[in-house]
Every structure is written in structure tokens, then in C-alpha cells.
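See structure below.
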Amino acid sequence: MSKYYLNYLDELESEAIYILREVYAQFQNPVILFSGGKDSILVTHLAKKAFYPSKIPFPLMHVDTGHNFPETIQFRDDLIKELGAQLIVGSVQESIDTGRVAEEKGKNATRNALQITTLLDAIESNKIDCAIGGGRRDEEKARAKERFFSHRDDFGQWDPKNQRPELWNLLNGKHFEGEHFRAFPISNWTEMDVWNYIKREDIKIPSLYLAHQREVVWRSDTWIPVSEHLKLEENEKIETKRIRFRTLGDITITGGIESEADTLEKIAVEVAAMRMTERGNRSDDKRSETAMEDRKKQGYF
């Protein structure tokens with residue numbers, strides 16, 4: 001009797017594709033939350049596989065803070081053109097201009113939390129009932145509490161103690177009008193799994209993930225890239241370092257690491273030796289022990 005064994009990446013891929021197809025089956029108007037980072041790129045690639053040879057049946061939604069890496073926006077636009085997909089953009093700057101949110105001030109000001117209002121407004125105005133994200137349980141302790149189908153109430157809020165059981169891969173997307181779900185197809189993937197899969201599938205990624213020369217300043221125990229949005233302090237000095245980014249967010253809060261990893265193979269080796277989570281270089285997560293969970297309860301990704 002012949003036996004058939006799946007490679008562990010094939011198992012993860014199969015699970016993610018199952019979840020994406022369940023989203024399509026159970027919801028009327030889902031979207032893929034697309035940031036231009038490796039995880040949302042991976043989810044988009046998996047969606048291509050899940051519905052091939054048809055096009056991805058979901059629009060992509062990007063919450064644009066106005067403080068993005070230029071490389072990320074260019075990558076986003078190129079990918080949308082290649083896919084022939086619909087792009088929905090929620091603008092944080094528009095939320096500020098219309099008085100929906102107030103911009104933070106000071107040295108460590110960030111627009112990260114402001115994304116919550118912009119995202120929830122976009123979900124409501126576009127009547128979205130499921131937003132598919134690239135969150136993974138190994139990233140951060142709050143994300144470890146998420147289910148594959150994560151319920152949000154009619155205020156867009158998340159209650160980690162009031163989620164649906166998911167026994168035997170049965171996913172329950174039933175909800176009342178005004179409520180919605182977040183779906184996380186790659187919850188069980190690790191950072192190493194992501195890079196191994198990207199390498200295997202030869203998936204295009206932004207050059208920011210590869211080591212390169214960049215002007216940076218040392219702040220909050222990490223190398224913050226110099227940009228038009230960064231206000232230098234008197235004691236801060238601009239240096240040129242060979243760095244790469246493990247995760248992509250706003251250019252004002254995303255720290256880089258010194259690295260020589262300029263290929264996918266070198267990245268995989270480097271990640272295998274890492275002892276700090278990839279979000280350890282995100283200054284927005286250092287504000288408190290529960291910074292991520294507090295934002296998620298309000299409606300964050």
C-alpha cells in the first residue's frame with residue numbers, strides 16, 4: 001500500500017487555502033488586508049493558488065497612513081496591476097483632515113493607532129463582513145489569542161474571551177448585521193515558515209527585506225530610517241548602515257537591523273539564529289506590555 005506524505009510547508013499551505021475558501025463560502029463581501037509586508041504578500045499569493053485559474057475574488061484593502069516606505073507603495077501598485085485586482089484605500093490623512101482622529105505630537109508620535117478609525121470606517125462604508133489578515137500567532141502574545149475566524153462586534157471591537165470554538169476545523173462565521181470577522185489563514189505559520197515558503201515559491205518581496213545601505217538614526221534601541229517625517233533630536237546623529245527590515249510598518253516606527261543578508265537564503269539562516277521576535281524592532285509595540293492587545297481590542301489588525 002502506497003503512503004502519501006505532505007511536506008510541512010504543503011500542510012501549512014493546504015490549511016491556509018482551506019481557510020480562504022471557507023471565507024469565500026461563508027461571507028458576502030470579504031477583503032484581504034494588504035500592507036505591502038511579507039505576510040500580506042504571502043496571503044495574497046495563497047489566495048491566487050486557492051482560486052486558480054480564476055482571479056482572486058476579493059478586493060485588497062490598504063490602510064494608508066501617509067507615512068509609508070515609498071518602496072512599499074510602489075510594490076503595492078505594481079502587484080495590483082499584475083493581479084488585475086481591485087484596491088480599496090483607507091486614508092489616515094483624510095481621517096485627520098475631516099476631524100475623525102487627532103494626530104499625535106512629540107518625538108515618538110505615530111499614526112499607528114490612528115489606523116483603527118480609518119480601518120473601521122472603511123469596513124463600514126464598504127459593507128465588509130470579513131477582513132482577511134496576515135497575522136501569525138508567533139508574532140506577539142495578543143495575536144497568539146486569535147482564532148482563524150475572529151469575531152468583531154458592531155463597534156469593531158475584539159473580545160479575546162468571547163470567541164467561537166474551532167473544533168475539528170469547523171469554522172463559524174455567523175454574525176449579526178453590523179458585526180464582522182477577521183480571518184487569519186497563516187496563524188500557524190512561523191517567521192521561518194514564511195521565509196522558507198517565499199523562497200520555495202519564488203515570491204516577489206519589497207527590497208526593504210534585503211540588506212542594503214540606508215541612512216538611519218539610533219532611537220528606542222533600534223535603527224530608525226531617516227525620512228521627511230522623522231524629527232531629529234539634538235543628540236541624534238545620522239549614520240549610514242547596511243541594514244534590512246524584518247517587518248514593515250510606518251517608516252517612523254519601523255526599526256532595521258544591521259545585516260549582511262541580501263538573499264532569501266541568507267535571510268533564512270539569519271532568522272534561524274534570531275532570539276528576538278520580528279516585532280521587537282517596532283517602537284509602537286514598546287509603549288506598554290499590552291500595547292498590541294489594547295489596540296486590537298479597539299479594532300486594530
Side-chain angles (χ1 to χ4, degrees), residues 8-27 29-52 54-64 68 72 75-80 82-90 115 119 122-123 126 128-140 143-144 146-150 152 169 171 173 180-206 208-209 246-249 264 278-279 296 300-301:
Y8 81 100
L9 288 178
D10 293 327
E11 290 186 22
L12 290 170
E13 177 189 74
S14 178
E15 178 182 68
I17 286 175
Y18 165 74
I19 294 163
L20 286 163
R21 289 174 176 168
E22 280 294 301
V23 170
Y24 183 68
Q26 296 194 39
F27 297 97
N29 193 27
V31 295
I32 295 175
L33 294 175
F34 188 83
S35 66
K38 67 183 186 308
D39 297 317
S40 61
I41 293 169
L42 173 59
V43 170
T44 303
H45 177 84
L46 290 164
K48 283 173 59 180
K49 279 199 163 189
F51 301 103
Y52 183 83
S54 299
K55 289 185 178 181
I56 298 174
F58 320 124
L60 274 61
M61 173 184 284
H62 180 217
V63 178
D64 183 359
N68 300 283
T72 304
F75 185 92
R76 179 201 71 183
D77 294 343
D78 291 344
L79 182 61
I80 291 296
E82 177 186 326
L83 294 174
Q86 177 189 354
L87 175 66
I88 300 171
V89 177
Q115 297 178 80
L119 173 62
I123 286 174
N126 290 280
I128 292 162
D129 54 3
C130 183
I132 306 164
R136 308 189 326 269
R137 291 180 177 130
D138 78 319
E139 285 183 279
E140 207 274 342
R143 286 187 168 167
E146 292 279 20
R147 305 290 173 89
F148 287 124
F149 277 15
S150 183
R152 298 299 197 270
N169 289 331
L171 305 176
H180 72 278
F181 273 78
R182 308 286 170 86
F184 299 101
I186 62 170
S187 284
N188 288 335
W189 297 52
T190 66
E191 183 184 11
M192 179 63 81
D193 296 332
V194 170
W195 284 118
N196 284 335
Y197 188 81
I198 286 173
K199 182 159 63 78
R200 187 186 84 171
E201 300 285 302
D202 194 25
I203 300 172
K204 294 179 184 176
I205 56 170
L208 297 163
Y209 284 112
R246 293 178 69 192
T247 179
L248 298 184
L264 294 178
E278 64 199 279
R279 292 191 67 94
K296 286 179 70 66
Y300 190 70
F301 306 138

Main-chain N/O of N29 paired to D129 side chain as donor or acceptor, under 3.5 Å: yes

4.5 Å side-chain heavy-atom contact, F181 and Q26: no

Validation row: L12, I186 side chains within 4.5 angstrom (heavy atoms): no

Side-chain donor or acceptor of Y209 paired with backbone N/O of K38 under 3.5 Å: yes

Gap between atom NZ of K199 and atom CD1 of I205 - 0.5 Å precision: 12.0 Å

T44 side chain to S40 backbone, donor-acceptor under 3.5 Å: yes

Closest heavy-atom pair and its distance - G36, L248: O-CD1, 4.0 Å

Axial cation check for Y52 ring with R21, 6.0 Å and 45° limits: no

Pairwise side-chain contact, D193 with R136, heavy-atom cut-off 4.5 Å (strictly under): no

Within-4.5 Å side-chain heavy-atom neighbours: P185 and L46: no

Salt bridge E201-K48, side-chain N to carboxylate O under 4.0 Å: no

Point-to-point distance, once rounded to the nearest 0.5 Å, from CZ of R76 to CG of N68: 7.5 Å

R200 and D10, any side-chain heavy atoms less than 4.5 Å apart: yes

Other residues, nucleotides, ligands: >12 heavy atoms within 6.0 Å of K49 NZ: yes

Shortest non-hydrogen contact between P30 and V23, atoms and distance: CB-CG1, 3.7 Å

Straight-line distance of E191 CD to N196 CG, nearest 0.5 Å: 10.5 Å

R182 bridged to E146 by N-O distance under 4.0 Å: no

Aromatic plane relationship, F58 with F51 - under 30° parallel, 30 to 60° tilted, over 60° perpendicular: perpendicular

Non-hydrogen side-chain atoms of M61 and I128 separated by less than 4.5 Å: yes

Heavy-atom check, side chain of V31 versus side chain of N126, under 4.5 Å: no

Reported CD1-to-CZ distance for the pair I19 and F184, which is rounded to 0.5 angstrom: 11.0 Å

Reported OG-to-CG distance for the pair S187 and D138, which is rounded to 0.5 angstrom: 10.0 Å

Y197 side-chain N/O to W189 backbone N/O, donor-acceptor pair under 3.5 Å: no

Student check: side-chain heavy atoms of F34 and V43 closer than 4.5 Å: no

CG-CG distance between D39 and L33, expressed to the nearest 0.5 angstrom: 12.5 Å

